[in-house]
Amino acid sequence: MKRVLPLFLVLVCPLLADPPKRSVTADAPITNFKLSVLSDQGFRSSLLRGNEAHYVNDNQIDLIGMQYSTFFENEAGELDATLLAPTATVFLNNKKVKVQGDGAVRLLRKDLDVTGEKWTYEHAGKNDSTPKKLLIERNVHVIFRIEMKDLLK
């Protein structure tokens, strides 16, 4: 017993005095990824989904099979828009969301359908008056689903 205690003190005490610093990294992708964001009033404001998510760091997630939905922040939880892309990179910084991709994208709303390639979507955080913005750089196609009276008059 007398030999065990000194050996214990020699092996364990240095670990207690200066614990090793470790960083946590995710080696495997997350399947069926979901991230829901609520407003201050408790209403859903957005829902980010991916068939597969790869954690890069605290500010970046790479997604395969991305679906990003935004909602009108009311009791009904009515869908505002849905952004679809086969691959995307999500940047989270200061409660702002920036999603981008080099490949295809599709934006669906009640009043329009937009497709294209090489895109960036920015969504301001809570209490930020900056509007949502989608920039598509290549092969843009827009279909309006609204009545346009006297357009050619």
Side-chain angles (χ1 to χ4, degrees), residues 14-153:
L15 294 176
L16 296 175
D18 190 20
K21 294 182 178 152
R22 298 179 188 148
S23 62
V24 177
T25 58
D27 295 347
I30 301 166
T31 55
N32 297 321
F33 172 82
K34 290 182 184 178
L35 175 63
S36 186
V37 177
L38 302 178
S39 69
D40 290 335
Q41 296 78 27
F43 303 125
R44 182 185 290 178
S45 62
S46 66
L47 175 62
L48 177 64
R49 295 188 216 183
N51 295 339
E52 192 173 286
H54 297 266
Y55 172 85
V56 177
N57 58 46
D58 289 346
N59 297 321
Q60 181 181 341
I61 301 168
D62 292 337
L63 293 175
I64 297 174
M66 184 210 68
Q67 178 178 342
Y68 183 59
S69 300
T70 59
F71 299 87
F72 295 108
E73 295 178 21
N74 57 26
E75 290 181 36
E78 185 182 354
L79 180 66
D80 176 29
T82 300
L83 194 64
L84 304 167
T87 60
T89 299
V90 180
F91 297 97
L92 306 166
N93 191 6
N94 295 330
K95 297 184 181 180
K96 292 185 179 183
V97 177
K98 179 179 177 182
V99 187
Q100 66 184 36
D102 288 329
V105 67
R106 183 174 186 190
L107 174 70
L108 297 167
R109 289 185 11 176
K110 278 185 189 180
D111 58 348
L112 65 106
D113 187 341
V114 181
T115 60
E117 298 170 342
K118 191 165 173 50
W119 55 277
T120 301
Y121 174 80
E122 294 181 15
H123 186 143
K126 295 177 184 177
N127 305 321
D128 191 337
S129 60
T130 308
K132 300 172 192 172
K133 179 172 62 173
L134 175 62
L135 172 66
I136 303 175
E137 296 183 35
R138 291 192 312 247
N139 300 325
V140 179
H141 299 275
V142 180
I143 299 171
F144 291 99
R145 292 192 197 106
I146 56 174
E147 184 178 348
M148 300 176 119
K149 294 181 181 182
D150 303 322
L151 179 67
L152 300 175
K153 199 173 192 182

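- Between the CD atom of Glu122 and the CD atom of Gln100 there is a distance of 9.0 Å, given to the nearest 0.5 Å.
- Distance OG1/Thr120 to NZ/Lys133: 9.0 Å, rounded to 0.5 Å.
- The shortest non-hydrogen separation linking Leu79 to Phe72 is O-CE1, 3.7 Å.
- Not a single donor-acceptor pair under 3.5 Å links the side chain of Arg109 to the backbone N or O of Val114.
- With rounding to the nearest 0.5 Å, the separation of CD in Glu52 from OG1 in Thr87 is 12.0 Å.
- In this structure, the side chain of Ser45 engages the main chain of Val37 through a donor-acceptor pair within 3.5 Å.
- Contact check for Ile61 versus Phe33: side-chain heavy atoms found under the 4.5 Å cut-off.
- Ionic pairing of Lys118 and Asp102 is present here: one or more N-O contacts between side-chain nitrogen and carboxylate oxygen are shorter than 4.0 angstrom.
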- Message: Set out, in order, the CA-CA distance, both residues' side-chain angles and the distance that settles side chain to side chain contact (heavy atoms under 4.5 Å, CB included) for Val97 and Tyr121, then state yes or no.
- Response: CA-CA 8 Å; Val97 177; Tyr121 174 80; 5.6 Å; no

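- Ala104 approaches Glu117 most closely through the heavy-atom pair CA-CG, 4.2 Å.
- Between Leu63 and Ala53 the shortest heavy-atom distance is CD2-CB, 3.5 Å.
- Between Ala88 and Val99 the shortest heavy-atom distance is CB-CG1, 3.9 Å.
- You'll find the side chain of His54 reaches within 4.5 Å of the side chain of Ile64, heavy atoms only.
- Rounded to the nearest 0.5 Å, atoms OG1 (Thr82) and CG (Leu47) are 9.0 Å apart.
- With contacts defined as side-chain heavy-atom distances shorter than 4.5 Å, the pair Asp113/Arg145 qualifies.
- Side-chain contact check for Phe144 versus Ile146: some heavy-atom pair is nearer than 4.5 Å.
- By the 4.5 Å heavy-atom criterion applied to side chains, Leu107 and Val105 are not counted as neighbours.
- The heavy-atom pair separating Leu83 from Met66 by the smallest distance is O-CE, 3.4 Å.
- Expressed to the nearest 0.5 Å, how far CG of Leu48 lies from OH of Tyr68 amounts to 7.0 Å.
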